[in-house]
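Count residues from 1 along the sequence. Being a predicted model, the structure only gives us computed values, none of them experimental.
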Amino acid sequence: MTQGAHTSPGRRTVLGAAVLGSAALSAGAGATAAQAHGRPAGAHPRLPVPTVIAHRGASGHRPEHTLGSYQLALDMGADVIEQDLVPTKDGHLVCRHENDITGTTDVADHPEFASRRTTKTVDGTALTGWFTEDFTLAELKTLRAKERIPGTRQENTVYDGRWAIPTFEEVLRWAEKEGRRRGRPVWLYVETKHPTYFRKLGLPLEEPLAKLLRRYGRHGADSPTFLQSFEPTSMRRMAKLVSTPRVVLLWTADDRPWDFRETGDPRTVADLITPAGLRWIASFAQGIGPLLDLVVPKDKDGRLGEPTTLVRDAHAKGLVLHPYTLRNENSFLPTDFRRGTDPAAYGDVFGAYRAYFATGIDGIFTDQPDTGLLAAADFRAARG
């Protein structure tokens, strides 16, 4: 299925950006259809369900967080394309999964930056390498992106060195251009990375992000944009700056968000996925992005078990669910969907998609959006 097929919303219920507050939960036909299918209120014909979200672009086919990865994801028909944001030394927002760029750029091959290699503690973890906050944008632009996991995705290494690190503003301009060319908006999914860490360095993420969203008209409740963070307080801060829909990302049940650790909040993810915790999230966000294991846990052998009540509980609070991340390779799949012994070979990923879609999730992050789109189309066809 391609983006061009996003019509006939009545039969395949769709969820766009969830809207702010009860006043925005309109009683239109889209919302009525969504509620009839057990979906959160605020549904409208902007995105299909299940929504296929290109994780760091088409990162299963191109080096992640490059314009090449984003373009391929869009050309494949991905419904939404993800960006992760970290700052430069001079305050520009750039697209990298982490501020540690050792494994995703050729920085180690630049002798002029050898002295920048250092050890830092980021959210409690000691890391040695090169970090975006130690480079100006001009310096970062001299680097080239490369494949992060070449042992698993050797074919992607042919594109090493082809693209530079994009700024978020460059992505916004690209999305505007592609939107005009295609006659429909390009949806983005934007994550603030380590926001507490960067705020303490004097490099806050939320204010410059809000400024860019306003500049490019992506600051409204109906914007073709989602914001996301593993730190709930980052999304609470964004709620005061823009109306763009917001999603709280959730790691393992025993994890404690870093902003909670910094402020002494004792709650863990297990507390946040209770009805009370979800109600709290719904007071400032429109969705959650849980680890797939929070939706369907695995047993001791890595096989899928019985689904939890998270989908039902989140929907009851009006929250959309966009769990992460499904990938084609055996090493990333539940053991019951692996095929053969090569960890880099593709397994029965379509079977895995069917199992996860059957839980009622509203979308999914994937490194291979082409596969995800086919699986989503199969699922909708099977449901009639």
Side-chain angles (χ1 to χ4, degrees), residues 54-73 81-171 174 190-198 200-203 205 208 230 258 324-325 327 329 331-332 342-344 367-368:
H55 185 235
R56 313 178 197 176
S59 56
H61 304 288
R62 300 288 188 271
E64 66 188 36
H65 288 313
T66 59
L67 287 176
S69 182
Y70 299 153
Q71 184 68 54
L72 182 60
I81 301 171
E82 184 196 35
Q83 296 77 45
D84 296 323
L85 303 186
V86 294
T88 65
K89 182 178 181 179
D90 46 350
H92 294 275
L93 298 181
V94 295
C95 301
R96 291 287 89 187
H97 178 58
E98 293 291 344
N99 53 324
D100 180 358
I101 55 173
T102 309
T104 61
T105 72
D106 62 356
V107 64
D109 298 330
H110 287 252
E112 69 272 25
F113 297 136
S115 63
R116 306 279 178 94
R117 188 172 185 268
T118 186
T119 298
K120 299 190 178 193
T121 300
V122 182
D123 293 3
T125 300
L127 303 168
T128 298
W130 288 265
F131 299 84
T132 60
E133 64 267 28
D134 296 330
F135 292 78
T136 65
L137 178 59
E139 289 172 332
L140 276 184
K141 282 296 188 179
T142 67
L143 308 179
R144 310 302 289 182
K146 68 177 185 179
E147 173 57 35
R148 180 178 60 88
I149 46 174
T152 301
R153 294 173 176 166
Q154 190 275 332
E155 292 181 357
N156 287 11
T157 63
V158 72
Y159 304 103
D160 285 357
R162 191 171 185 89
W163 293 288
I165 297 174
T167 67
F168 183 52
E169 185 160 21
E170 287 171 339
V171 172
W174 165 80
V190 187
E191 180 179 349
T192 58
K193 300 291 295 191
H194 312 298
T196 295
Y197 168 83
F198 286 120
K200 292 175 72 173
L201 292 180
L203 293 169
L205 300 176
F230 281 100
W258 187 255
Y324 64 93
T325 301
R327 301 173 170 99
E329 294 92 352
S331 59
F332 299 115
D342 181 357
D367 287 10
Q368 290 93 1

Atom [atom1] in [X], atom [atom2] in [Y]: separation rounded to 0.5 Å?
{"X": "Leu201", "Y": "Thr196", "atom1": "CG", "atom2": "OG1", "result": "11.0 Å"}
{"X": "Thr121", "Y": "Leu127", "atom1": "OG1", "atom2": "CG", "result": "7.5 Å"}
{"X": "Thr132", "Y": "Phe198", "atom1": "OG1", "atom2": "CZ", "result": "4.5 Å"}
{"X": "His61", "Y": "Gln368", "atom1": "NE2", "atom2": "CD", "result": "5.0 Å"}
{"X": "Arg56", "Y": "Thr104", "atom1": "CZ", "atom2": "OG1", "result": "9.5 Å"}
{"X": "Asn156", "Y": "Ser69", "atom1": "CG", "atom2": "OG", "result": "8.5 Å"}

Side chain proximity check, [X] to [Y], heavy atoms < 4.5 angstrom:
{"X": "Phe168", "Y": "Pro208", "answer": "no"}
{"X": "Val171", "Y": "Leu67", "answer": "yes"}
{"X": "Thr192", "Y": "Leu85", "answer": "no"}
{"X": "Tyr70", "Y": "Trp174", "answer": "yes"}
{"X": "Leu140", "Y": "Ile101", "answer": "yes"}

Going by the salt bridge (Lys or Arg N to Asp or Glu O under 4.0 Å) test, which pairs reach into [range], not counting sequence neighbours?
{"range": "residues 90-103", "value": "Glu98-Lys193"}
{"range": "residues 140-150", "value": "Glu64-Arg148, Lys141-Glu170"}
{"range": "residues 112-136", "value": "Arg116-Glu139, Lys120-Glu133, Lys120-Asp134"}
{"range": "residues 153-164", "value": "Arg153-Glu329, Arg153-Asp367"}

Under the side chain to side chain donor-acceptor pair (under 3.5 Å) test, which residues partner [X], sequence neighbours left out?
{"X": "Asp84", "value": "His65, His97"}
{"X": "Tyr159", "value": "Arg62"}
{"X": "Thr119", "value": "Thr128"}
{"X": "Trp130", "value": "none"}

ring-ring contact (aromatic ring centres under 6.0 Å, His included) filter on Phe113, not counting sequence neighbours, yields His110, Phe135

Nearest atoms (heavy-atom pairs only) where [X] meets [Y]:
{"X": "Ala54", "Y": "Ala58", "value": "CB-N, 4.5 Å"}
{"X": "Pro63", "Y": "Trp163", "value": "CD-CZ3, 4.1 Å"}
{"X": "Pro195", "Y": "Leu205", "value": "CA-CD1, 3.9 Å"}
{"X": "Gly129", "Y": "Thr102", "value": "CA-OG1, 3.2 Å"}

Before you tell me yes or no, could you show the steps for Thr136 and Thr88 under side chain to side chain contact (heavy atoms under 4.5 Å, CB included), namely the whole-Å CA-CA distance, both residues' side-chain angles and the distance that decides it to 0.1 Å?
CA-CA 6 Å; Thr136 65; Thr88 65; 5.9 Å; no

Applying side chain to side chain contact (heavy atoms under 4.5 Å, CB included) to Ala344 and not counting sequence neighbours gives Thr152, Asp342

